[in-house]
Number of protein chains: 2
Amino acid sequence: MNPNPAAVNAASQKGSPMSQMQNVERQLREMILGLEVGPGEKLTERWIEGRFGASRTPVRAALLRLETEGLVGRDGRGWTVAPINLAELEQIAVYREAVEVAAVRITCSCADASAIDVIEAMLDSCDENTPREEWHRVGMDFHIELAHLSGNEFLFRAVRDAMTRLSRARWLEVRDEAALGRAWAEHRAILAAIRLGDADDAARRLSAHIVGSRDRLVTSLANDRRGLRARGFAVVAA
Amino acid sequence: MNPNPAAVNAASQKGSPMSQMQNVERQLREMILGLEVGPGEKLTERWIEGRFGASRTPVRAALLRLETEGLVGRDGRGWTVAPINLAELEQIAVYREAVEVAAVRITCSCADASAIDVIEAMLDSCDENTPREEWHRVGMDFHIELAHLSGNEFLFRAVRDAMTRLSRARWLEVRDEAALGRAWAEHRAILAAIRLGDADDAARRLSAHIVGSRDRLVTSLANDRRGLRARGFAVVAA
DNA sequence: TATACCATTTTGGGATACCAAGCCGGTATC
DNA sequence: GATACCGGCTTGGTATCCCAAAATGGTATA
């Protein structure tokens, strides 16, 4: 009954056994985050079922979980890929500023130099030969791992979830080399402040970094709205 | 096939039609939050199925959603009611301090006097004749509604979810009249600061209120740990 | 031509059958 | 008596079937 052998291959190629539900959830999440299905697009349980070669039970479980991540939503009785919502993006920026700053303040008071080195190494791993995709991923992981250092599971999850919600929009954000370089410099400055244990400085820099990122994102999206709609993406105005 | 008519009655007595899934989810959540099922207790899908007169499909959906709320968790292959975890409670306090303070700062800059009056009225609705249960509920709603005033959906949800996770422990917290009176005074002082638009003062008072609340809760639970275990509640040490 | 109405199809919600893995109790062997 | 083994029972995971409601599309009528 499996029309898509790739689905089961993806499941079995991993050493650990992976349930259909985890499989569907992971693959569908990747499709959504990778914009293989456009924001605002309708989803039917039966289509997903056929697409991944799983029955409706794991499909429904995956949809329920992705709903809590904000990646899919209900449209009346049915499901839709969450549209890109400018107002929501701005609210998420405020939210992540609150939790990231709280996390970094905690980290400053119990900084572990070697852990910070690991994060700095992540930044170093990107150079001019690194694909744009990788820069995005590392830029997100920087914030996630930084929050992880706080040791607070809730701050960590909050940052991770916020970055997930932002990631589709970041993907579309136009970032030239100069902007990326500036962002990386800010990242390094934040790490330096943490190393010194200067919580106020780290918080101020992180806050400014997030606000700047938000402003660039919103401007960029507002300008590109027409192009996005042309690609079939639902973009909700702020 | 319905061994428990009460379940369907609860569904039909509401004017709006409620799906089985919502029904199971709501009732199971109430059972967990009301400590009708003890923290750490094992749950089987079949038991829930029989208890609420629903089939496994809505039961599984409800469990998946409650899992994201942190009220149930996986124990290997099965399900358990989330234990009360002291370390987690402390982390939640840090988390909610970050988001509540952020929310109240926003509210200060766009305070709506009438909305604040509504919240103050909530506080006023409690007097010496009000049952303890109601004081708890209003105390939680105070923080939730305050966050709601910020207009930021993510800060609001964060506070609401945090309060949900804390509520089982708050239920056990020993609060004498004097402690409740002090908490209410702090609530009013926070509202007063917001009315004046004094963000720093409001933030300071709110922060102190949350930290105090956390300290009382942790102490109280640590002292009561033996009693809790005697009641069959799993309590994970900090 | 526009619209109201009806038949058909689609779709999510729910129920149930089946399966494999794990748990538990009993038994036989040392 | 202790332990290793085995068989049944429980339980979550999955597939599939049924149903009601909603969407769809075509047709007849004003």
Side-chain angles (χ1 to χ4, degrees), chain A residues 1-12 14-28 32 37 40-68 71-82 234, chain B residues 1-12 14-28 37 40-68 71-82:
Chain A
M1 87 133 278
N2 193 329
N4 182 7
V8 286
N9 287 347
S12 54
K14 284 215 56 171
S16 65
M18 177 171 277
S19 70
Q20 288 277 45
M21 194 210 95
Q22 294 172 316
N23 216 16
V24 173
E25 180 186 342
R26 190 175 47 77
Q27 295 193 56
L28 187 54
I32 294 173
V37 288
E41 224 169 276
K42 292 265 188 301
L43 287 176
T44 70
E45 297 182 356
R46 259 107 179 173
W47 179 82
I48 302 170
E49 180 182 4
R51 178 67 178 73
F52 299 113
S55 76
R56 285 180 66 206
T57 309
V59 166
R60 296 190 60 190
L63 283 169
L64 283 172
R65 311 196 122 237
L66 293 176
E67 185 187 17
T68 70
L71 297 185
V72 305
R74 294 211 123 94
D75 169 47
R77 213 172 53 121
W79 300 94
T80 76
V81 179
Chain B
M1 86 138 276
N2 194 328
N4 182 5
V8 287
N9 287 346
S12 56
K14 283 215 58 169
S16 65
M18 178 171 277
S19 70
Q20 288 273 45
M21 193 211 95
Q22 294 171 316
N23 216 17
V24 173
E25 181 186 342
R26 192 175 45 78
Q27 294 192 56
L28 187 53
V37 287
E41 222 168 278
K42 292 268 186 298
L43 287 176
T44 71
E45 297 183 356
R46 258 102 178 176
W47 179 82
I48 301 170
E49 180 183 2
R51 178 67 179 72
F52 298 113
S55 77
R56 286 179 65 204
T57 308
V59 167
R60 282 175 62 79
L63 284 170
L64 284 170
R65 310 195 126 242
L66 293 176
E67 185 187 16
T68 71
L71 296 185
V72 304
R74 294 209 121 95
D75 169 45
R77 215 170 52 118
W79 300 95
T80 76
V81 179

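Within every chain, numbering begins at 1; the chains are lettered A, B, ... in the order of the sequence lines, protein sequences first and strands thereafter. Values in this document were obtained by computation on a predicted structure and should not be read as measured data. Computation of the quantities below employed the complete heavy-atom set of this structure, encompassing side-chain atoms and omitting hydrogens, waters and symmetry-equivalent molecules.
When the nucleotides C:dG14, C:dG12, D:dT14 are ranked by their closest atom to the side chain of B:Pro58, C:dG14 comes out on top. Comparing atom distances between the A:Gln20 side chain and each of D:dA15, C:dA15, D:dG12 picks out D:dA15 as nearest. Each of D:dA15, C:dG13, C:dA15 was ranked by its minimum atom distance to the side chain of A:Thr57; first place goes to D:dA15.
In this structure the side chain of B:Asn23 never reaches within 4.5 angstrom of the side chain of B:Phe52, judged on heavy atoms. Considering only heavy atoms from C-beta on, B:Glu25 comes within 4.5 Å of B:Met21 through its side chain.
Rounded to whole Å, the distance from CG on A:Leu43 to P on C:dT10 is 18 Å. The separation between A:Leu63 atom CG and C:dG13 atom P is 9 Å, rounded to whole Å. Taking atom CD of B:Gln22 as the reference point, atom P of C:dG13 lies 10 Å away to the nearest angstrom. Going from atom CG of A:Asn23 over to atom P of D:dT14 covers 10 Å, rounded to whole Å. Put simply, CG on A:Leu64 is 14 Å from P on D:dG13, counting in whole angstrom units. B:Trp79 places its CH2 atom 17 Å from the C1' atom of D:dT10, with the value rounded to the nearest Å. Per the geometry, CZ belonging to B:Arg60 stands 15 Å off P belonging to C:dG13, to the nearest Å. Residue B:Glu45 contributes atom CD, which lies 15 Å from atom P of C:dT16 at whole-angstrom precision.
Taking B:Glu45 as the reference, B:Arg56, B:Arg60, B:Trp79 meet the side chain to side chain donor-acceptor pair (under 3.5 Å) condition, with sequence neighbours excluded.
For the helix from C:dT1-D:dA30 to C:dC30-D:dG1, the end axes, each set by the C1' atoms of five terminal pairs, are bent relative to each other by 0° (nearest 10°).
Shortest non-hydrogen contact noted between B:Gly40 and B:Thr80 is O-CB, 4.2 Å.
If you take CG on B:Leu63 and CG on A:Leu64, they are separated by 11.0 Å, rounding to the nearest 0.5 Å. The CZ atom of A:Arg65 lies 8.0 Å from the CD atom of A:Gln22; values are rounded to the nearest 0.5 Å. Atom CD1 in A:Ile32 sits 10.0 Å away from atom CD in A:Glu41 (nearest 0.5 Å). Distance CG/B:Leu43 to CZ/B:Arg51: 12.0 Å, rounded to 0.5 Å.
The phosphate of C:dG14 (OP1 or OP2) has no side-chain N or O of B:Ser55 nearer than 4.0 angstrom.
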Under 4.0 Å protein heavy-atom contacts per nucleotide of nucleotides 17-23 of chain D, with B for base, S for backbone only and - for none: BB--BS-
